[in-house]
Amino acid sequence: VDANIVPIAGKNKGDMNLIVLLYDITEIRRLEKVRTDFVTNASHELKTPVTALKGFSETLLDGAMEDKDVLKQFLEIMLAESSRLDLLVNDILELSKLEQKQVPIAYEEVRVKDAVLSTFKLVKQKAEQKQITMEFIEEEEVNIEADSGRLKQILANLIDNAVIYTQAGGNIVVTLKKKEEHAIISISDNGMGIPEDELNRIFERFYRVDKARSRNSGGTGLGLSIVKYLVENFNGTIAVQSKAGLGTTFTLTFPIRHF
Ligand code: ADP
C-alpha cells in the first residue's frame with residue numbers, strides 16, 4: 001500500500017488536519033513485474049537461436065566451410081534456428097499487439113463445428129505422422145458470436161499441443177455441447193499429461209513443463225498465453241484438467257451471444 005499524507009489547515013488557527021490517502025498498489029506492482037519478467041524471458045529466449053547462428057557462422061568462416069558435408073549440416077542447423085527466431089518474434093509481436101488491442105476482432109455468427117473440422121484439417125498431417133486419431137463429438141449443434149479466424153487460432157493451438165504432447169497411437173477427442181447460454185468445447189488427449197503442481201503455471205508466458213521437448217517440437221512457450229488472451233477477449237473461459245501419464249483436457253466456454 002502506498003500512502004499520501006496531505007496536511008490541511010484546521011478551523012482554528014494553529015489546528016492541523018491530515019488527510020491520509022491510501023492506494024492499493026499490489027496490482028500495479030504485479031503488472032510491472034509481469035512486464036519486466038516478460039522482457040527478461042523474451043531476451044533470453046531470443047538469445048539462444050542468435051547465439052547458435054553466430055557460433056555456426058563463425059565456425060564456417062574460420063575454415064569449416066571447406067568441408068562440403070559440414071557446410072551443409074551447419075547451414076541446415078542455421079536455417080532451423082532462423083525459423084525458430086521467426087516463430088518467437090511472431091508470437092511476441094502477436095501478444096504485444098493483442099495487449100495493445102491492435103488486433104481487429106470481428107463478431108460474426110460462427111458454427112463451432114465448422115471451426116473444429118477445419119482445424120482438424122490443419123493438423124491432420126502432423127497427427128497422421130504419429131498415428132494419432134482425432135474425433136469430433138457434437139452433442140448439440142452450437143453457433144456462437146465470435147471471430148471465426150480467432151476461434152480457429154484458439155482451437156489450432158490447443159489441438160496442435162494435444163498432438164505434440166501425446167505419444168504415437170494416441171487419440172484426441174473434441175466435444176461440443178451447450179449449457180445454458182454457453183457453448184462448451186472440450187479438447188481431450190490421452191497423452192503425457194501435466195504434473196498437478198505445474199497446472200496453474202502453463203498459461204504463463206514462456207512457461208513449459210519440459211523445455212527441451214517443447215523446443216524440439218517448435219514450441220515457443222507463448223501459445224497458451226495467446227490462447228488465454230483471445231478466449232477472454234470473447235468473454236470466454238479456459239480451464240485445464242490433467243493427470244500426469246494419462247492425459248489432458250482443456251475446456252473452453254463461450255457465451256453464445258457476445259452482448
Ligand atoms: P509450447 O510452445 O511449449 O507448447 P504452450 O504455451 O502452448 O507452449 O504450452 C505450455 C506448456 O504446457 C507446454 O510446454 C507443455 O509443457 C504444456 N502443455 C500444453 N498442452 C499440453 C497437453 N495437451 N498435454 C501435455 N502438456 C501440455
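In what follows, residues are counted from 1 in the order of the sequence shown. Counting starts at 1 for both ligands and their atoms, in listed order.
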Novice: What's the spacing between I194 CD1 and R208 CZ if we round to 0.5 Å?
Specialist: 14.0 Å
Novice: Closer than 4.0 angstrom, basic N to acidic O: yes or no for R111 and E141?
Specialist: yes
Novice: To check your reading of the model: name the closest protein heavy atom to atom 3 (O) of ligand 1, its residue, and the distance in Å.
Specialist: S214 OG, 2.6 Å
Novice: May I ask you to list the atoms of ligand 1 that are less than 4.0 angstrom from any heavy atom of T220?
Specialist: 2 (O)
Novice: Could you list which atoms of ligand 1 come closer than 4.0 Å to a heavy atom of G221?
Specialist: 1 (P), 2 (O), 3 (O), 6 (O), 8 (O)
Novice: For L224, is at least one N or O under 3.5 Å away from an N or O on ligand 1?
Specialist: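 Between L224 and ligand 1, an N or O pair is found under 3.5 Å apart.
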Novice: Any atoms of ligand 1 less than 4.0 Å from a non-hydrogen atom of V209? List them with their elements.
Specialist: 14 (O), 16 (O)
Novice: Quick one: nearest non-hydrogen protein atom to atom 11 (C) of ligand 1, plus distance?
Specialist: Y207 O, 3.7 Å
Novice: Has F203 got any heavy atom lying under 4.0 angstrom from an atom of ligand 1?
Specialist: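 No, that is not the case, since the closest heavy atom of the residue is not under 4.0 Å from the ligand.
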Novice: Could you tell me if Y207 and E198 have a donor-acceptor pair between their side chains, going purely by distance under 3.5 Å?
Specialist: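 Yes, Y207 and E198 have a side-chain donor paired with an acceptor closer than 3.5 Å.
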Novice: For G193, state whether at least one heavy atom is located under 4.0 Å from any atom of ligand 1.
Specialist: yes
Novice: Yes or no on side chain to side chain donor-acceptor pair (under 3.5 Å) for E108 and S148, after CA distance, side-chain angles and deciding distance?
Specialist: CA-CA 7 Å; E108 57 201 350; S148 77; 3.3 Å; yes
Novice: Which residue supplies the protein heavy atom nearest to atom 15 (C) of ligand 1, what is that atom called, and how far is it?
Specialist: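 Protein heavy atom at minimum distance: Y165 CZ, 3.6 Å.
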Novice: Should the pair R201-E204 be classified as a salt bridge under the 4.0 Å nitrogen-to-oxygen rule?
Specialist: yes
Novice: If you measure from each non-hydrogen atom of D189 to ligand 1, which part falls under 4.0 Å: side chain, backbone, both or neither?
Specialist: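 Within the 4.0 Å criterion, D189 contacts ligand 1 through side-chain atoms alone.
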Novice: Give me the residue, atom name and distance of the protein heavy atom closest to atom 19 (C) of ligand 1.
Specialist: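 Minimum-distance protein heavy atom for atom 19 (C) of ligand 1 reads N161 ND2, 3.6 Å.
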Novice: Select one of side chain, backbone, both or neither to describe which atoms of I194 lie under 4.0 Å from any atom of ligand 1, heavy atoms only.
Specialist: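 Side chain only.
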Novice: Verify the distance criterion only: is there a donor paired with an acceptor across the side chains of E94 and Q153 at less than 3.5 Å?
Specialist: yes
Novice: Return the closest protein heavy atom for atom 12 (O) of ligand 1 as residue, atom name and distance.
Specialist: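 Answer for atom 12 (O) of ligand 1: I202 CG2, 3.5 Å.
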Novice: Before you tell me yes or no, could you show the steps for Y107 and D147 under side chain to side chain contact (heavy atoms under 4.5 Å, CB included), namely the whole-Å CA-CA distance, both residues' side-chain angles and the distance that decides it to 0.1 Å?
Specialist: CA-CA 5 Å; Y107 290 98; D147 181 315; over 6 Å; no
Novice: For R208, take its heavy atoms, then give the atoms of ligand 1 lying under 4.0 Å from any of them.
Specialist: 3 (O), 14 (O)
Novice: Please name the pair of heavy atoms, one in I132 and one in T166, separated by the smallest distance, quoted to 0.1 Å.
Specialist: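 In this case the closest contact between I132 and T166 is CD1-O, 3.7 Å.
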Novice: Consider only side-chain N and O atoms of T253 and T237, and report whether a donor and an acceptor are under 3.5 Å apart.
Specialist: yes
